[in-house]
Amino acid sequence: MSWERSIILKSPAEIAVMREAGRINALALEAVRGAIRPGVNTAELDEIATEVIRKHGATPTFLGVPGAYPYPKSTTISINDELVHGIPGKRRLQEGDIVSVDCGATYEGFVGDAAFTTGVGKISAEAQRLIDVTYKALEIGIDQLHVGNRVGDIGAAIQRYVEGEGYYLTKEYTGHGVGRSMWEGPQVPNYGTPGRGIPLKVGMVIAIEPMLLVGTERTKVLADQWTVVSADGSLTAHYEHTIAITDNGPVILTLP
Ligand code: MG
Ligand code: MG
């Protein structure tokens, strides 16, 4: 995926539009979450997200994202060992799977980007713990989004917590600034050194997205040239919100 590294601060009016993009994206993800059950295929879930996004006058951000070939769907749906960028299709969810859904909505030119992981039917205690730690890692990252902190504080906090829980974080895929493009600066790794990196400012809008692996930090890309899996086949999980840094601290934009 191509990246733009420039950091573009947003006005309160722009953040209000981004809040609407984020809200629409959250509604799409909620609709998908409600449809997740054993037997549903991932293309059907993608269609649900697409419908919600379009119904609210937005467009699916992921559709056509450049890569080895343009991304063909509105969501990425990644199952079990698939960490990110799984392409929706005929695969049917099974009882005990864990599924990560990532989605973007563009509204009046601005993007909302968010993801969640959930279980399909009854899942193992180990899988549930992975999901819970991933969500908590997202919350810990968001807590760092205050003026006075630097980008390194975000990754350092996430890394300290996740590694303390015995899990691994990919170093190949990161969080990022969000605006009219899904990828603006700064790049926001899920690892780092406290007090290092770019200072956080009011008006920055950032996607924080911890991507956890059970076995090792190593990943590989499947033959479809999009799907990223854990190299050892172990379980993975992913959560993401788009958050604005305001005078009053972090405000999550990707909530319904
Ligand atoms: Mg995303
Ligand atoms: Mg993202």
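Just follow the structure's listing: the first ligand is 1, and inside any ligand the first atom is 1.
Ion pairing between a basic and an acidic side chain is recognised when a charged N comes within 4.0 Å of a carboxylate O; Lys136 and Glu165 show no such pairing. Under the 4.0 Å criterion applied to side-chain N and carboxylate O atoms, Lys171 and Glu217 are assigned as salt-bridge partners. Between Glu184 and Lys10, at least one side-chain nitrogen of the basic residue sits less than 4.0 Å from a carboxylate oxygen of the acidic one, meeting the salt-bridge criterion. Between Glu14 and Arg19, none of the side-chain N atoms (NZ, or NE/NH1/NH2) sits under 4.0 Å from a carboxylate O, so this pair counts as no salt bridge.
Nearest N/O/S atom of Asp102 relative to the Mg ion (ligand 1): this is OD1. Restricting Glu209 to its N/O/S atoms, the shortest distance to the Mg ion (ligand 2) is reached by OE2. Closest to the Mg ion (ligand 2) among the N, O or S atoms of Glu240 is OE2. Taking the Mg ion (ligand 2) as reference, His176 places its N/O/S atom NE2 nearest. Looking at Asp113 and the Mg ion (ligand 2) together, the shortest N, O or S contact belongs to OD2.
Ring pair Tyr239/Tyr135: centre-to-centre distance below 6.0 Å.
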